[in-house]
Amino acid sequence: QVQLVESGGGLVQSGGSLRLSCAATGPIFSAYAMGWYRQALGKQRELVARITSGGTTTYVDSVKGRFTISRDNAKNSVYLQMNSLEPKDTAVYYCNADLRVVLSGTVRNYWGQGTQVTVSS
């Protein structure tokens, strides 16, 4: 069974840093685009950052210059380094990935369970 396992969330003061990790586990043949979304209380889920298998990155404007997404293709893992955190970054962060499972001819989209990031002022 394929799963996205996240770690690294927590409580941090404004201006601090956190690093989120997400590992895709199970019978994975290939990992394509991977990324991070977030959903604050009462708001819609939004894309934070995304990285292709070739390393091309996309960021939402509000995190540019503060967050860095990276991946380790050998480990089917994606990371989000978050610096200069602000209270407005408080949200549940979800890992997302397009994966091809072994012996499958299709690419499917998967979500992690979410990890809470809280930034205090």
Side-chain angles (χ1 to χ4, degrees):
Q1 182 178 359
V2 173
Q3 288 185 315
L4 297 181
V5 181
E6 302 152 339
S7 61
L11 173 63
V12 65
Q13 289 188 331
S14 182
S17 298
L18 284 174
R19 186 174 188 254
L20 304 183
S21 299
C22 172
T25 64
I28 298 163
F29 181 78
S30 293
Y32 299 91
M34 303 182 79
W36 292 92
Y37 288 70
R38 67 185 178 187
Q39 187 166 19
L41 197 61
K43 296 188 177 181
Q44 289 188 332
R45 190 173 298 189
E46 68 169 353
L47 174 66
V48 176
R50 193 163 174 82
I51 184 168
T52 68
S53 56
T56 300
T57 57
T58 304
Y59 296 93
V60 66
D61 286 347
S62 61
V63 308
K64 286 180 180 178
R66 300 188 298 123
F67 291 11
T68 302
I69 190 170
S70 61
R71 64 188 288 165
D72 184 333
N73 290 332
K75 297 181 179 180
N76 291 324
S77 294
V78 63
Y79 310 97
L80 187 67
Q81 178 65 44
M82 305 185 292
N83 298 329
S84 302
L85 282 161
E86 304 170 3
K88 66 180 182 179
D89 296 314
T90 295
V92 178
Y93 284 70
Y94 295 91
C95 178
N96 180 268
D98 294 327
L99 305 172
R100 186 191 299 276
V101 176
V102 172
L103 300 181
S104 171
T106 60
V107 177
R108 289 184 56 191
N109 187 256
Y110 292 84
W111 290 93
Q113 80 282 0
T115 185
Q116 177 69 46
V117 170
T118 302
V119 184
S120 63
S121 58

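Annotation: side chain of Ser77 is not in contact with side chain of Met34 (no heavy-atom distance under 4.5 Å). Put simply, the side chain of Leu103 does not reach to within 4.5 Å of the side chain of Phe29, judged on heavy atoms. For the pair Arg38/Val63, a side-chain contact is recorded, criterion being any heavy-atom separation below 4.5 Å from C-beta on. The shortest side-chain heavy-atom distance between Met82 and Arg66 does not fall under the 4.5 Å cut-off. Counting only heavy atoms from C-beta outward, the side chains of Cys22 and Tyr79 never approach each other to under 4.5 Å. In this structure the side chain of Leu99 never reaches within 4.5 angstrom of the side chain of Asn76, judged on heavy atoms. Side chains of Thr118 and Leu11 form a contact here, defined as non-hydrogen atoms less than 4.5 Å apart. Side chains of Thr56 and Arg50 form no contact here, defined as non-hydrogen atoms less than 4.5 Å apart.
A distance of 9.0 Å separates CD in Gln81 from CG in Leu20, rounded to the nearest 0.5 Å. Annotation: the span from Asn73 atom CG to Ile51 atom CD1 amounts to 8.0 Å, rounded to 0.5 Å. Here the CG-OH distance, from Leu80 to Tyr37, works out to 13.0 Å after rounding to the nearest 0.5 Å. In this structure, the separation between CG on Asn96 and CG on Leu4 is 7.5 Å, given to the nearest 0.5 Å. Atom OG1 of Thr52 sits about 7.0 Å away from atom CZ of Arg71, to the nearest 0.5 Å.
A pairwise comparison of heavy atoms in Val78 and Cys95 identifies CG1-SG, 3.8 Å as the closest pair. The two atoms that bring Val60 and Glu46 nearest to each other are CG2-OE1, 4.3 Å, heavy atoms only. Counting all heavy atoms, side chain and backbone alike, Ala49 lies closest to Tyr59 at CB-CD2, 3.6 Å.
Sorted by first and then second residue, the side-chain hydrogen bond (donor to acceptor under 3.5 Å, both in side chains) pairs with a member in residues 14-33 read Ser17-Asn83, Tyr32-Arg100; sequence neighbours excluded. Contacts classified as salt bridge (charged side-chain N to carboxylate O under 4.0 Å, His left out) and involving residues 3-17 (residues at least two apart or in different chains) are not found.
Classification of the Phe67-Tyr93 ring pair by plane angle, with boundaries at 30° and 60°, yields tilted.
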Let me see the working for Leu85 and Gln13 under side-chain contact (heavy atoms from CB on, under 4.5 Å), right down to the final yes or no. CA-CA 8 Å; Leu85 282 161; Gln13 289 188 331; over 6 Å; no

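Placement of Ile28 and Tyr110 within a single hydrophobic cluster is found when ILVMFWY residues are connected by side-chain heavy-atom separations under 4.5 Å, directly or transitively. Under a hydrophobic-cluster definition in which Ile, Leu, Val, Met, Phe, Trp and Tyr are linked whenever side-chain heavy atoms come within less than 4.5 Å, directly or via other members, Trp36 and Val119 are assigned to the same cluster. Note: the hydrophobic cluster containing Val2 does not contain Trp111 (ILVMFWY, side chain heavy atoms under 4.5 Å, direct or indirect links).
In this structure Lys43 satisfies the salt bridge (Lys or Arg N to Asp or Glu O under 4.0 Å) test with no other residue, sequence neighbours excluded.
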